[in-house]
Amino acid sequence: MNTQINYRQEDRHLIVIEDQKYRQTISLEEETYSIGRHTNNSIVIHSQQASRRHGTLMKRKNRDSNTYSYWIIDGDLDGNKSRNGIYVNGEKCLIKELRNGDLINFGCEVNATYYASHEWSNTVTDISSSKPQKLAHYSSEVNGQYTLSEPYIDFDCDSQHFDPKDTLQAQEYQDNLTQLPNKVLWQEYLLNSLKNAKQYKTSMAIILFDINHFKAINKNWGYSLGDQILVEVAQRLKSSLRSSDIVARWGDDEFILLLPKISQEDDIEKITQRILNNISQCLELPETPLYLEYSFGYAMYPQDGEESQPLLQKAEIALLNHKQKMVSGDKQLKLTIDPKASKLLKAKTAIQQALNQEQLELYYQPQVKIKTGEISGFEALVRWNHPELGQINPQKFIPVAEQTDSILIMGEWILREACRQNKAWQEMGLPNFIMSVNLSPLQLKDPNFVNTVKQVLQETKLDPHWLELEITEKAILANSELAYQVLQDLRKLGVHLSMDDFGIGYSCLNHLPKFPFSTLKIAQSCLQELTEKPEIIAIISAAITLGNSLDLRVIAEGVETHQQLNLLENLDCQEAQGYLLSEPLNCREATQFLNLYRGTKVSCSSIQHSTPMGVRLIDLL
């Protein structure tokens with residue numbers, strides 16, 4: 001059956017879904033569409049690897065352009081997520097606005113392409129090599145698609161046996177280090193793009209990038225630094241691309257790009273140059289700021305080939321030719337050490353002096369139960385009181401400490417001081433609270449870190465139950481296997497663990513059930529974008545629902561306005577933290593506040609309608 005295209009001036013929204021057996025072309029008009037293997041879905045995908053309710057399409061109006069667009073959500077509207085996830089242009093997504101030409105993968109062999117411009121008739125095409133199946137020609141207005149009459153396959157039968165091999169894990173489609181698509185997923189996107197290019201007689205291109213002298217980097221500075229470089233280059237490549245482009249890890253030091261929308265050869269040269277300008281910027285690595293050089297090669301469809309293998313071979317040959325030209329032009333290794341390296345060493349010395357001369361000080365920011373006004377805990381935050389520069393913002397010296405090993409010494413001091421202070425408050429008869437302390441990724445890599453925590457608890461005589469350690473998704477992704485083992489060992493000590501900055505990345509959803517977290521902290525950046533990006537509400541709501549379903553403490557960080565606090569309460573968020581509720585308090589202020597707080601509750605409801613809690617707390621002092 002051939003797909004018919006009817007052009008209209010009015011924009012239409014279409015999705016073409018293809019598995020190993022069928023291709024469905026569906027005109028989108030309704031407000032929502034459920035997608036999954038369950039036969040009651042609006043759009044049925046025929047794969048045992050797909051979830052019963054794998055995804056949802058939602059129609060939303062863009063206020064700026066007064067046009068409509070469709071968003072795709074992982075799972076259903078009740079908060080149930082799919083088993084294998086949804087990938088848009090190679091990136092795993094919880095929720096994403098679709099744009100014309102976006103490539104969608106449902107975590108299995110089912111792929112789709114989204115279009116927003118033309119009206120197509122709804123069709124289901126049998127693309128298998130087996131005997132053609134009969135089609136029951138119901139009205140295309142029913143569920144937005146035709147349905148199959150025979151043979152009948154029950155994709156929703158609870159008693160149906162599922163082979164474990166049928167359930168694909170994210171690792172089968174993602175590179176573990178960079179979290180980019182791997183060869184398997186990228187090649188699926190390539191085949192889908194080639195089909196589209198052939199059908200609509202358009203051009204597309206692929207680009208291979210190779211990091212020059214990468215083996216020398218691993219040899220001279222170690223594989224750990226090499227891994228950091230690969231992660232940073234991957235992020236820079238992603239940030240350089242258009243929404244429809246896809247980047248994947250192709251080899252040890254190679255990345256490959258898919259450009260499904262390209263008009264002429266001049267475009268690919270401009271795109272390549274723009275990407276090179278971005279990834280060639282100085283890499284700020286620990287004590288070794290570094291400039292890298294790259295070789296590249298590209299191939300275009302159809303002039304360089306009409307199938308995947310000829311295109312890949314053409315790109316690889318072009319890459320080798322470019323690399324040979326660079327080697328013949330300059331046979332010396334070009335690794336430029338940035339002058340900032342000496343500044344890092346000076347900064348490391350200054351931080352060590354700050355520790356020795358007691359220039360560091362901890363501040364404590366309360367965490368408040370939104371509905372009752374009870375204080376549930378404190379987060380310990382470090383400040384640097386420099387004798388000449390005054391109080392230095394932690395956003396300036398923490399990154400410097402993490403670029404050197406100073407963060408290990410500083411982190412141990414913060415942990416010991418926070419535990420000591422919490423125990424001191426308990427011995428004064430003040431209410432017991434959980435004390436939260438932030439961890440650095442380098443602390444997790446320290447083989448002695450668990451013993452350090454155990455020793456600090458013994459020295460300060462603080463019950464482990466009153467200590468919580470916060471870890472970011474970034475720290476986990478640096479080495480998920482190591483992080484898992486360290487967190488399990490910490491949990492055995494009895495301390496609580498918190499997933500910090502939740503909502504910045506989507507892959508952290510996979511870590512919540514796996515890792516022994518007891519608290520979920522919604523990132524401050526999510527709250528700050530509420531007014532500019534209303535779709536963030538969906539992410540926050542999903543995070544709160546997920547946290548509550550896993551019986552976790554859910555804390556929203558960075559609450560600064562009454563609007564944010566009211567929204568969090570309506571979304572059933574348990575706790576909040578931020579300048580609207582209280583500024584971070586030094587030891588003296590926090591102690592005086594706890595003395596006044598003893599036996600009473602801070603009323604959030606009265607504060608919402610009068611003055612910020614931060615003012616009230618200071619007034620209490």
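The analysis underlying the following values was restricted to heavy atoms, covering all of them including side chains, and did not include hydrogens, waters or symmetry mates.
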- prompt: Does the side chain of Arg53 come within less than 4.5 Å of Asn41's, by heavy atoms?
  reply: yes

- prompt: Do the charged groups of Glu306 and Lys198 touch, with an N to O distance under 4.0 Å?
  reply: no

message: Suppose we call two aromatic rings close when their centres sit under 6.0 Å apart. Are Tyr22 and His46 close by that rule?
response: yes

query: Between CD1 of Ile471 and OG1 of Thr519, what distance do you get to the nearest 0.5 Å?
result: 13.5 Å

- prompt: Salt bridge between Glu30 and Lys59, side-chain N to carboxylate O under 4.0 Å?
  reply: no

query: So, do Leu103 and Val88 sit near enough that their side-chain heavy atoms are less than 4.5 Å apart?
result: no

task: Rounded to the nearest 0.5 Å, what's the gap from CD on Gln564 to CD on Glu569? Could you check?
output: 14.0 Å

- request: Verify the distance criterion only: is there a donor paired with an acceptor across the side chains of Asp500 and Thr472 at less than 3.5 Å?
  value: no

- prompt: Is the closest side-chain donor-acceptor distance between Thr178 and Asp175 under 3.5 Å?
  reply: yes

query: Taking side chain as C-beta onward, heavy atoms only, is Phe255 less than 4.5 Å from Val233?
result: yes

message: I'd like to check Ile256 versus Phe209 (side-chain heavy atoms, cut-off strictly below 4.5 Å). Are they in contact?
response: no

- prompt: Charged N to carboxylate O below 4.0 Å: is that the case for Arg274 and Glu269?
  reply: no

query: Do Ile15 and Tyr70 touch side chain to side chain, with heavy atoms closer than 4.5 Å?
result: no

task: Taking the side chain as every heavy atom from C-beta outward, state whether Leu194 and Tyr301 have any pair of such atoms under 4.5 Å apart.
output: yes

field: Cation-pi geometry met for Lys96 and Trp71 (6.0 Å, 45°)
entry: no

query: Less than 4.5 Å apart, any side-chain heavy atom of Ile17 and any of Tyr114?
result: no

- line: dist Ile206:CD1 -> Ile268:CD1 (nearest 0.5 Å) comes out at 8.5 Å

- prompt: What distance do Ser193 atom OG and Leu258 atom CG have between them, rounded to the nearest 0.5 Å?
  reply: 4.0 Å

- prompt: Is the distance between the ring centroids of His322 and Phe296 under 6.0 Å?
  reply: yes

task: Check the side chains of Asn548 and Gln574 for a donor-acceptor pair under 3.5 angstrom, ignoring hydrogens and angles.
output: yes

query: Hey, are the side chains of Ile540 and Leu527 touching, using non-hydrogen atoms and a 4.5 Å cut-off?
result: yes

- prompt: Roughly how far, to the nearest 0.5 Å, is the CD1 atom of Ile317 from the CG atom of Leu312?
  reply: 11.0 Å

query: Roughly how far, to the nearest 0.5 Å, is the CD1 atom of Ile45 from the CD atom of Glu109?
result: 9.0 Å

task: Determine the minimum heavy-atom distance between Phe214 and Asp252, stating which atoms define it.
output: CE2-O, 4.4 Å

message: Looking at every non-hydrogen atom in both residues, tell me the closest pair between Ser295 and Asn212 and how far apart they are.
response: OG-OD1, 2.8 Å

message: My understanding is that only one of Lys183, Lys195, Met204 makes a side chain to side chain contact (heavy atoms under 4.5 Å, CB included) with Leu190; could you say which?
response: Met204

query: Can Asn196 and Thr113 be counted as having a side-chain donor-acceptor contact under 3.5 angstrom?
result: yes

Pair Ser47-Asp19, side-chain donor/acceptor within less than 3.5 Å: no

